[in-house]
**Student:** 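The structure's right below; bear with me while I get my questions together.
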Amino acid sequence: ITAGSYLEQGLNAEWLRYYYAAKLGATMEDIDLNLDDFIARAPRTIRHQGLAVTLDDHEDLACLASPEVMRARAVALIDLARDPDGRQPRSGLVSVIVVPRSTLARPTPSLELLERVRAYLDARRSPLAELALVGPEYVRVDVSVELAAVSLDAAAALEARVLAEL
């Protein structure tokens, strides 16, 4: 995309900076501007204006802190690092669960990534609020499914497809 074609879309040039910041990584690779993805992100950027006030703001900004962050979830009043069961709620505290980009089945953020997210959020949140950063806790989930093929001829193909997807 060229600067001219971007501006012809009627989009704010300042928003593009935030979009690229969210897409850039430590690797040397091209970045494609996906207008659908960009338009989905722009309202969030307008809402938080670079400041972590609400839980949604904390989540959005944690994802902007590094392209290594795949997803973030913010939880109010609970220090998930010290009290993961939430037995002692504390006002003014926000915990952010950081899930890194990874091909692993159970990705866990590195300490370096958590510190990068902390520094980014610290610069954008109230100094009166407390912040706890943690990686995800994985829980085993068992699922039982019953499928019915529409014909006996389709049963073998259905079984093969289901097993392949698992």
Side-chain angles (χ1 to χ4, degrees), residues 18-32 34 36-45 47-48 50-149 155-166:
Y18 291 108
Y19 180 76
Y20 281 137
K23 293 289 188 179
L24 290 173
T27 60
M28 295 292 291
E29 58 188 55
D30 289 340
I31 299 173
D32 292 323
N34 177 324
D36 292 333
D37 182 43
F38 176 80
I39 290 169
R41 285 178 185 261
R44 294 186 302 231
T45 303
R47 183 197 69 236
H48 61 65
L51 298 174
V53 177
T54 68
L55 294 176
D56 287 342
D57 298 344
H58 281 81
E59 292 171 4
D60 291 344
L61 291 167
C63 290
L64 288 174
S66 171
E68 293 177 46
V69 177
M70 173 61 112
R71 185 167 188 174
R73 175 66 66 193
V75 179
L77 307 175
I78 299 170
D79 185 341
L80 292 174
R82 293 190 181 117
D83 180 25
D85 295 328
R87 296 174 198 236
Q88 299 174 338
R90 293 189 1 226
S91 62
L93 187 127
V94 174
S95 287
V96 178
I97 304 164
V98 177
V99 181
R101 289 187 195 283
S102 175
T103 57
L104 299 174
R106 298 172 134 193
T108 303
S110 66
L111 292 176
E112 177 186 342
L113 178 57
L114 290 176
E115 285 305 315
R116 194 172 319 134
V117 172
R118 176 177 298 286
Y120 193 84
L121 289 175
D122 282 349
R124 290 159 179 80
R125 66 182 180 87
S126 167
L128 301 177
E130 288 185 68
L131 178 67
L133 293 177
V134 296
E137 179 181 325
Y138 294 97
V139 179
R140 180 186 166 109
V141 176
D142 292 321
V143 177
S144 177
V145 177
E146 188 174 315
L147 299 173
L158 176 63
E159 180 182 22
R161 184 168 177 203
V162 168
L163 290 174
E165 293 295 325
L166 293 176

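This structure is a prediction, so every number in the text was calculated from the model and none was measured.
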**Student:** Quick one: pull up CD1 in Ile97 and CZ in Arg71 and give me the separation to the nearest 0.5 Å.
**Tutor:**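 Here the rounded value is 10.0 Å.
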**Student:** Tell me if a side-chain donor or acceptor on Thr108 pairs with a main-chain N or O of Gly135 at a distance below 3.5 Å.
**Tutor:**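 Judged by distance alone, no pair lies under 3.5 Å.
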**Student:** Would you please name every residue forming a side-chain contact (heavy atoms from CB on, under 4.5 Å) with Glu130, sequence neighbours left out?
**Tutor:**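 In terms of side-chain contact (heavy atoms from CB on, under 4.5 Å), with neighbours along the sequence ignored, Glu130 is linked to Arg90, Leu93.
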**Student:** For Asp83, check salt bridge (charged side-chain N to carboxylate O under 4.0 Å, His left out) against everything at least two apart and list the hits.
**Tutor:**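 Testing Asp83 for salt bridge (charged side-chain N to carboxylate O under 4.0 Å, His left out), a comparison that skips the adjacent residues, returns none.
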**Student:** Grab the two heavy atoms, one from Val53 and one from His58, that are nearest each other, plus how far apart they are.
**Tutor:**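 The pair with the smallest heavy-atom distance is O-CE1, 4.1 Å.
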**Student:** Sequence neighbours left out, what passes side chain to side chain donor-acceptor pair (under 3.5 Å) with Glu112? Give chain and number order.
**Tutor:**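 Applying side chain to side chain donor-acceptor pair (under 3.5 Å) to Glu112 gives Arg116.
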**Student:** Suppose we screen for side-chain contact (heavy atoms from CB on, under 4.5 Å). Which residues come up paired with Leu163, at least two apart in sequence or across chains?
**Tutor:**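 Leu163 satisfies side-chain contact (heavy atoms from CB on, under 4.5 Å) with Glu159, Leu166 only.
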**Student:** Take atom CG of Leu147 as the centre, draw a 6.0 Å sphere, and report whether it contains more than 12 heavy atoms from other residues, nucleotides or ligands.
**Tutor:**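 Count over threshold, so yes.
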**Student:** Provide the full list of salt bridge (charged side-chain N to carboxylate O under 4.0 Å, His left out) pairs with a residue in residues 132-145, sequence neighbours left out, each pair given once.
**Tutor:**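 Checked against salt bridge (charged side-chain N to carboxylate O under 4.0 Å, His left out) - neighbours excluded - the pairs reaching residues 132-145 are Arg140-Asp142.
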**Student:** Grab the two heavy atoms, one from Met70 and one from Cys63, that are nearest each other, plus how far apart they are.
**Tutor:**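 Looks like O-SG, 4.4 Å.
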**Student:** Measuring from Ser66:OG to Leu114:CG, what's the distance to the nearest 0.5 Å?
**Tutor:**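 CG of Leu114 is found 10.5 Å from OG of Ser66.
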**Student:** Could you tell me which residues satisfy side-chain contact (heavy atoms from CB on, under 4.5 Å) with Ala62, sequence neighbours excluded, listed by chain and number?
**Tutor:**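 For Ala62, the residues satisfying side-chain contact (heavy atoms from CB on, under 4.5 Å) (neighbours in sequence not counted) are Ala72, Val96, Val117, Leu121.
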**Student:** Suppose we screen for salt bridge (charged side-chain N to carboxylate O under 4.0 Å, His left out). Which residues come up paired with Arg106, at least two apart in sequence or across chains?
**Tutor:**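 Salt bridge (charged side-chain N to carboxylate O under 4.0 Å, His left out) list for Arg106, sorted by chain: empty.
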**Student:** With Pro100, which residues qualify under side-chain contact (heavy atoms from CB on, under 4.5 Å), at least two apart?
**Tutor:**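 side-chain contact (heavy atoms from CB on, under 4.5 Å) check on Pro100 returns Pro107, Pro109, Leu113.
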**Student:** Roughly how far, to the nearest 0.5 Å, is the CZ atom of Arg73 from the OG atom of Ser95?
**Tutor:**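 So the gap between those two atoms works out to 13.5 Å.
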**Student:** Is any side-chain heavy atom of Val162 closer than 4.5 Å to a side-chain heavy atom of Glu165?
**Tutor:**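 Result no, sub-4.5 Å side-chain heavy-atom pair not found.
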**Student:** Which of these passes side chain to side chain contact (heavy atoms under 4.5 Å, CB included) with Val75: Leu80, Val134, Val94?
**Tutor:**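 Result: among Leu80, Val134, Val94, Leu80 is the only option passing the side chain to side chain contact (heavy atoms under 4.5 Å, CB included) with Val75.
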**Student:** Checking Arg82 now: which residues fulfil salt bridge (charged side-chain N to carboxylate O under 4.0 Å, His left out) with it, not counting sequence neighbours?
**Tutor:**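 If we apply the salt bridge (charged side-chain N to carboxylate O under 4.0 Å, His left out) test to Arg82, skipping adjacent residues, the hits are Asp79.
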**Student:** Donor-acceptor pair, distance only, cut-off 3.5 Å: does the side chain of Asp57 make one with the backbone of Thr54?
**Tutor:**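 Checked: pair present.
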**Student:** If you take all heavy atoms of Leu64 and Tyr120, which pair is closest and at what distance?
**Tutor:**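 Distance-wise, the nearest heavy atoms are CB-OH, 3.8 Å.
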